[in-house]
Peer 1: 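Can you read through this structure? Questions will come right after.
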Amino acid sequence: MPAPIWFAPWKPGPAEHAGPGDASGGAALVSVTDFAPHRPWTSFGVNIAGVALRRTWDDVEGAIGLWLWSVPGLLHSRSGSVSVWRDEEALRGFVARHDHVRIMRAYRDRGDLRSTTWQTDHFDKDATQETARNLIAQWCAQPGGVRGR
(Lines give C-alpha, C1' and ligand atoms only; values in the text may rest on other atoms or scores of the structure.)
Protein backbone atom coordinates (compact mmCIF):
# COMPACT_ATOMS: atom_id res chain seq x y z
CA MET A 1 0.00 0.00 0.00
CA PRO A 2 1.48 3.37 -0.97
CA ALA A 3 2.30 5.86 1.76
CA PRO A 4 -0.11 8.78 2.10
CA ILE A 5 0.86 12.11 0.58
CA TRP A 6 0.04 14.93 2.97
CA PHE A 7 -0.51 18.43 1.66
CA ALA A 8 -0.32 21.57 3.78
CA PRO A 9 -3.17 24.00 3.13
CA TRP A 10 -2.99 26.20 0.05
CA LYS A 11 -0.95 29.33 0.71
CA PRO A 12 -2.01 32.10 -1.68
CA GLY A 13 0.65 34.37 -3.10
CA PRO A 14 0.40 38.01 -4.10
CA ALA A 15 -0.41 37.11 -7.73
CA GLU A 16 -3.38 34.88 -6.84
CA HIS A 17 -5.90 37.55 -7.84
CA ALA A 18 -3.70 39.85 -9.87
CA GLY A 19 -4.96 39.66 -13.40
CA PRO A 20 -4.54 37.18 -16.24
CA GLY A 21 -2.51 34.61 -14.26
CA ASP A 22 -4.76 34.56 -11.24
CA ALA A 23 -6.30 31.57 -9.49
CA SER A 24 -9.64 32.14 -11.15
CA GLY A 25 -8.57 30.17 -14.19
CA GLY A 26 -5.92 32.12 -16.06
CA ALA A 27 -2.61 30.88 -17.42
CA ALA A 28 0.00 29.70 -14.93
CA LEU A 29 3.25 27.80 -14.58
CA VAL A 30 3.24 24.89 -12.11
CA SER A 31 6.42 23.60 -10.47
CA VAL A 32 6.62 20.37 -8.46
CA THR A 33 9.69 19.52 -6.41
CA ASP A 34 10.60 16.28 -4.64
CA PHE A 35 13.41 15.83 -2.11
CA ALA A 36 14.38 12.36 -0.87
CA PRO A 37 17.00 12.60 1.89
CA HIS A 38 19.84 10.09 2.07
CA ARG A 39 19.42 9.91 5.86
CA PRO A 40 16.13 10.04 7.75
CA TRP A 41 17.16 12.81 10.17
CA THR A 42 17.71 15.21 7.27
CA SER A 43 13.93 15.39 6.73
CA PHE A 44 13.38 17.46 9.83
CA GLY A 45 15.69 20.28 8.73
CA VAL A 46 14.35 20.29 5.18
CA ASN A 47 10.77 20.51 6.40
CA ILE A 48 11.60 23.36 8.80
CA ALA A 49 13.32 25.23 5.94
CA GLY A 50 10.27 24.71 3.71
CA VAL A 51 7.93 26.08 6.37
CA ALA A 52 10.21 29.10 6.82
CA LEU A 53 10.09 29.84 3.08
CA ARG A 54 6.30 29.37 3.14
CA ARG A 55 6.05 32.12 5.77
CA THR A 56 7.59 34.60 3.31
CA TRP A 57 5.19 33.62 0.52
CA ASP A 58 3.17 36.84 0.77
CA ASP A 59 6.26 38.73 -0.46
CA VAL A 60 7.13 36.48 -3.42
CA GLU A 61 6.45 38.45 -6.58
CA GLY A 62 4.61 36.47 -9.25
CA ALA A 63 3.58 33.67 -6.87
CA ILE A 64 0.00 32.52 -7.31
CA GLY A 65 0.12 29.94 -4.55
CA LEU A 66 1.84 27.02 -2.87
CA TRP A 67 1.30 23.66 -1.28
CA LEU A 68 4.03 21.97 0.73
CA TRP A 69 3.73 18.20 0.72
CA SER A 70 5.30 15.28 2.54
CA VAL A 71 5.28 11.52 2.57
CA PRO A 72 6.08 10.57 6.16
CA GLY A 73 8.23 7.59 7.01
CA LEU A 74 10.90 6.62 9.48
CA LEU A 75 13.39 5.54 6.84
CA HIS A 76 12.11 6.82 3.50
CA SER A 77 10.35 10.11 3.99
CA ARG A 78 10.27 12.72 1.26
CA SER A 79 8.90 16.17 0.86
CA GLY A 80 8.58 19.01 -1.57
CA SER A 81 6.36 21.70 -2.94
CA VAL A 82 3.81 22.41 -5.59
CA SER A 83 4.14 26.07 -6.47
CA VAL A 84 2.10 28.01 -8.99
CA TRP A 85 3.50 31.04 -10.78
CA ARG A 86 2.33 33.77 -13.08
CA ASP A 87 5.21 32.92 -15.44
CA GLU A 88 8.69 31.41 -15.68
CA GLU A 89 10.35 34.71 -14.83
CA ALA A 90 8.59 34.72 -11.44
CA LEU A 91 9.73 31.17 -10.72
CA ARG A 92 13.31 32.02 -11.68
CA GLY A 93 13.20 35.06 -9.41
CA PHE A 94 12.22 32.90 -6.46
CA VAL A 95 14.80 30.22 -7.23
CA ALA A 96 17.50 32.93 -7.24
CA ARG A 97 16.43 34.46 -3.91
CA HIS A 98 19.15 34.44 -1.24
CA ASP A 99 17.12 32.42 1.29
CA HIS A 100 16.20 29.78 -1.28
CA VAL A 101 19.79 29.51 -2.58
CA ARG A 102 21.10 29.14 0.98
CA ILE A 103 18.73 26.24 1.69
CA MET A 104 19.47 24.51 -1.61
CA ARG A 105 23.21 24.73 -0.98
CA ALA A 106 22.84 23.43 2.56
CA TYR A 107 20.93 20.31 1.47
CA ARG A 108 22.14 19.59 -2.07
CA ASP A 109 24.46 16.77 -0.97
CA ARG A 110 22.08 15.37 1.63
CA GLY A 111 19.51 13.87 -0.69
CA ASP A 112 18.18 13.60 -4.21
CA LEU A 113 16.17 16.41 -5.71
CA ARG A 114 13.85 16.21 -8.65
CA SER A 115 11.56 18.82 -10.15
CA THR A 116 9.34 19.39 -13.11
CA THR A 117 7.24 22.21 -14.47
CA TRP A 118 4.32 22.54 -16.80
CA GLN A 119 2.33 25.38 -18.29
CA THR A 120 -1.45 25.53 -18.07
CA ASP A 121 -3.76 27.87 -19.91
CA HIS A 122 -6.50 27.52 -17.28
CA PHE A 123 -5.25 27.08 -13.72
CA ASP A 124 -7.56 24.96 -11.60
CA LYS A 125 -6.48 24.35 -7.99
CA ASP A 126 -8.13 20.94 -7.59
CA ALA A 127 -6.95 19.59 -10.94
CA THR A 128 -3.41 20.86 -10.33
CA GLN A 129 -3.20 19.26 -6.91
CA GLU A 130 -4.52 15.97 -8.29
CA THR A 131 -2.00 15.99 -11.16
CA ALA A 132 0.80 16.77 -8.70
CA ARG A 133 -0.38 14.02 -6.32
CA ASN A 134 -0.28 11.47 -9.15
CA LEU A 135 3.20 12.60 -10.20
CA ILE A 136 4.51 12.43 -6.62
CA ALA A 137 3.01 8.95 -6.20
CA GLN A 138 4.79 7.81 -9.39
CA TRP A 139 8.09 9.22 -8.14
CA CYS A 140 7.63 7.50 -4.77
CA ALA A 141 6.83 4.16 -6.41
CA GLN A 142 10.07 3.91 -8.32
CA PRO A 143 11.96 0.82 -7.15
CA GLY A 144 14.80 1.36 -4.73
CA GLY A 145 14.26 5.09 -4.68
CA VAL A 146 16.23 5.47 -7.91
CA ARG A 147 16.14 9.15 -8.72
CA GLY A 148 16.42 11.16 -11.87
CA ARG A 149 17.04 14.85 -12.28
Side-chain angles (χ1 to χ4, degrees), residues 1-16 21-23 27-120 123-149:
M1 177 162 150
I5 301 168
W6 294 350
F7 281 85
W10 173 255
K11 174 79 171 181
E16 183 177 39
D22 74 12
L29 178 73
V30 179
S31 172
V32 181
T33 64
D34 171 30
F35 181 77
H38 296 311
R39 303 213 171 17
W41 51 85
T42 302
S43 294
F44 183 72
V46 168
N47 290 336
I48 294 295
V51 169
L53 280 177
R54 185 179 190 273
R55 287 188 183 134
T56 70
W57 203 245
D58 294 335
D59 300 326
V60 179
E61 187 176 331
I64 293 173
L66 167 77
W67 289 285
L68 295 180
W69 66 268
S70 67
V71 174
L74 293 176
L75 297 177
H76 302 290
S77 65
R78 29 192 343 148
S79 59
S81 66
V82 179
S83 55
V84 184
W85 303 91
R86 186 178 22 196
D87 53 34
E88 192 168 335
E89 183 180 345
L91 172 57
R92 285 185 191 167
F94 173 73
V95 168
R97 274 180 35 162
H98 175 72
D99 53 353
H100 183 263
V101 169
R102 181 180 45 78
I103 292 166
M104 295 302 294
R105 286 182 178 156
Y107 289 98
R108 70 175 160 206
D109 295 329
R110 297 181 188 186
D112 294 314
L113 178 67
R114 174 175 20 210
S115 66
T116 191
T117 60
W118 69 86
Q119 191 79 35
T120 181
F123 173 62
D124 176 283
K125 249 193 259 189
D126 294 334
T128 298
Q129 187 180 50
E130 188 59 29
T131 300
R133 182 183 300 278
N134 291 335
L135 177 63
I136 294 162
Q138 288 174 10
W139 285 344
C140 290
Q142 290 183 347
V146 175
R147 317 277 300 166
R149 289 202 160 119

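All values derive from a computational prediction rather than experimental measurement.
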Peer 1: Can you tell if the side chain of H38 reaches within under 4.5 Å of the side chain of D112, non-hydrogen atoms only?
Peer 2: yes
Peer 1: Quick one: are H100 and V95 in side-chain contact, heavy atoms under 4.5 Å?
Peer 2: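 A side-chain contact exists here, since the closest heavy-atom pair is under 4.5 Å.
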Peer 1: Taking it one step at a time, do W139 and T116 satisfy side-chain contact (heavy atoms from CB on, under 4.5 Å)?
Peer 2: CA-CA 11 Å; W139 285 344; T116 191; 4.0 Å; yes
Peer 1: Which residues satisfy the salt bridge (Lys or Arg N to Asp or Glu O under 4.0 Å) test with R92, sequence neighbours excluded?
Peer 2: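 Checked R92 against salt bridge (Lys or Arg N to Asp or Glu O under 4.0 Å); matches are E88.
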Peer 1: Please tabulate, for the side chains in residues 58-70, all donor-acceptor contacts under 3.5 angstrom to protein atoms that are two or more places apart in sequence or on a different chain.
Peer 2:
{"from": "W69", "atom 1": "NE1", "to": "T33", "atom 2": "O", "distance (Å)": "3.0"}

Peer 1: Assess the residue pair V82 and V30 against the criterion (side-chain contact (heavy atoms from CB on, under 4.5 Å)); give the C-alpha distance rounded to whole Å, side-chain angles, the decisive distance to 0.1 Å, and a yes or no.
Peer 2: CA-CA 7 Å; V82 179; V30 179; 4.1 Å; yes
Peer 1: Restricting to side-chain contact (heavy atoms from CB on, under 4.5 Å), what partner residues turn up for R133, sequence neighbours left out?
Peer 2: I5, F7, Q129, E130
Peer 1: Partners of D99 by salt bridge (Lys or Arg N to Asp or Glu O under 4.0 Å), sequence neighbours excluded?
Peer 2: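 Applying salt bridge (Lys or Arg N to Asp or Glu O under 4.0 Å) to D99 gives R97.
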Peer 1: Could you work out, with ring-ring contact (aromatic ring centres under 6.0 Å, His included) as the rule, every residue matching W57, not counting sequence neighbours?
Peer 2: W85, F94
Peer 1: Any idea which heavy atoms bring Q119 and L29 closest together, and the distance?
Peer 2: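 Answer, listing the atom of Q119 first, then L29: OE1-CD1, 3.6 Å.
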Peer 1: Rounded to the nearest 0.5 Å, how far apart are NZ of K11 and CG of L53?
Peer 2: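 Between atom NZ of K11 and atom CG of L53 there are 12.0 Å.
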Peer 1: In Å and rounded to the nearest 0.5 Å, what is the CD to CZ distance from E16 to F123?
Peer 2: 7.5 Å
Peer 1: Mind checking the OG-CZ spacing from S77 to F35? Nearest 0.5 Å is all I need.
Peer 2: 9.0 Å
Peer 1: Does H98, at its NE2 atom, have more than 12 non-hydrogen atoms belonging to other residues, nucleotides or ligands within less than 6.0 Å?
Peer 2: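 No - once you tally the heavy atoms of other residues, nucleotides and ligands closer than 6.0 Å, there are 12 at most.
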Peer 1: Which salt bridge (charged side-chain N to carboxylate O under 4.0 Å, His left out) pairs, counting each pair once, include a residue from residues 39-55, with sequence neighbours left out?
Peer 2: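 Found none.
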Peer 1: Are more than 12 heavy atoms, taken from residues, nucleotides or ligands other than W118, located less than 6.0 Å from that residue's CH2 atom?
Peer 2: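 Above 12, so yes.
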